Amino acid sequence: MEPTYSPGDKLFVSKFVYRFRVPRAGDVVVLHDPRTGRLVLKRIERIEGKKYFVAGDNPGESTDSRRFGAVPRDSIIGKVSYKYYPFFK
Amino acid sequence: MKVDAVTLIVRGETAGAMIDKFFKPPQVVYAHCDIPCGIYDPHQAQIAALTVVRMMDLILESGDASGTVPTHNIARYVAVKDEHAELCKHEIRVIWGDYMKQEHIDKHPELNETVHRVMQLGSEARQGIDRKVALELLGAVNRFAEMFWETKGVKTKRAKAPYLPEEEIVYPAL
């Protein structure tokens with residue numbers, strides 16, 4: 001997710017914001033990789049019907065919906081709300 | 001204070017933070033895919049292509065020699081030529097199929113054609129002993145290597161390999 005986030009960054013992820021609104025394009029979210037279940041960090045690029053097409057901010061190095069397809073709503077666990085470390089960057 | 005939130009660390013080196021003391025240990029989340037992304041380098045394909053050239057040279061140097069010993073040796077050269085032509089095709093296919101993304105293909109319009117040529121020339125190099133074909137294979141692999149390093153933002157240079165067949169290959173200028 002370079003340059004937005006780098007290895008070692010610590011983030012707050014809100015699990016309740018999506019109780020008040022639906023995920024939308026531009027949101028950086030934590031979701032389950034549909035192939036492995038592993039938690040990954042991507043940005044929602046667009047909504048396709050009831051699914052979300054996610055992409056990494058570093059497309060040359062990112063494995064994302066271009067490879068594993070748009071993901072359903074229940075694979076998204078929350079939205080990044082704040083980066084608390086490093087504070088200045 | 002009840003906080004309905006999860007703290008995550010983007011995988012990598014971390015330093016302590018006061019905040020961490022108030023929450024459950026942060027969970028690691030992956031922004032980079034790690035495996036399946038692996039280590040990619042066209043060098044093995046280049047070595048395989050050089051080997052194909054070298055084997056052709058050794059076969060052709062044998063000339064019309066007959067008898068048990070030359071026959072045995074030529075059989076080995078052919079076996080190695082076959083093996084390395086296939087290895088060359090394999091290495092290029094893996095980088096093209098596993099590493100290359102659509103935007104790399106968009107930035108390098110000749111990428112797909114170059115890969116196809118490697119496949120065809122690799123097969124042709126197995127079927128005959130035309131050194132020109134082996135050199136064309138090496139040329140296509142070198143072209144692929146240049147495009148590969150460009151996707152990594154690494155400049156390249158060309159230099160003669162310091163061993164027979166001493167043909168030029170593309171090196172990353174690291």
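Residue numbering restarts at 1 for every chain, and letters A, B, ... go by the order of the sequence lines. Since the model is a prediction, treat every value here as computed from it, not as a measurement.
The distance from atom CG of L39(A) to atom OH of Y30(B), rounded to the nearest 0.5 Å, is 9.0 Å. To the nearest 0.5 Å, the span separating NZ on K101(B) from OG1 on T63(A) amounts to 4.5 Å.
Using a 4.5 Å cut-off between side-chain heavy atoms of Ile, Leu, Val, Met, Phe, Trp and Tyr, I169(B) falls into a hydrophobic cluster with I47(B), L50(B), L138(B), Y163(B), Y171(B).
Under the 4.5 Å side-chain heavy-atom criterion for grouping Ile, Leu, Val, Met, Phe, Trp and Tyr, V170(B) is not connected to M147(B) through any hydrophobic cluster. Note on L164(B): it does not cluster hydrophobically with L60(B), by side-chain heavy-atom contacts below 4.5 Å among ILVMFWY residues. No continuous path of hydrophobic side-chain contacts links F53(A) to F68(A) [ILVMFWY only; heavy atoms under 4.5 Å].
Contact between R67(A) and D98(B) at its shortest, heavy atoms only, is NH2-O, 3.3 Å.
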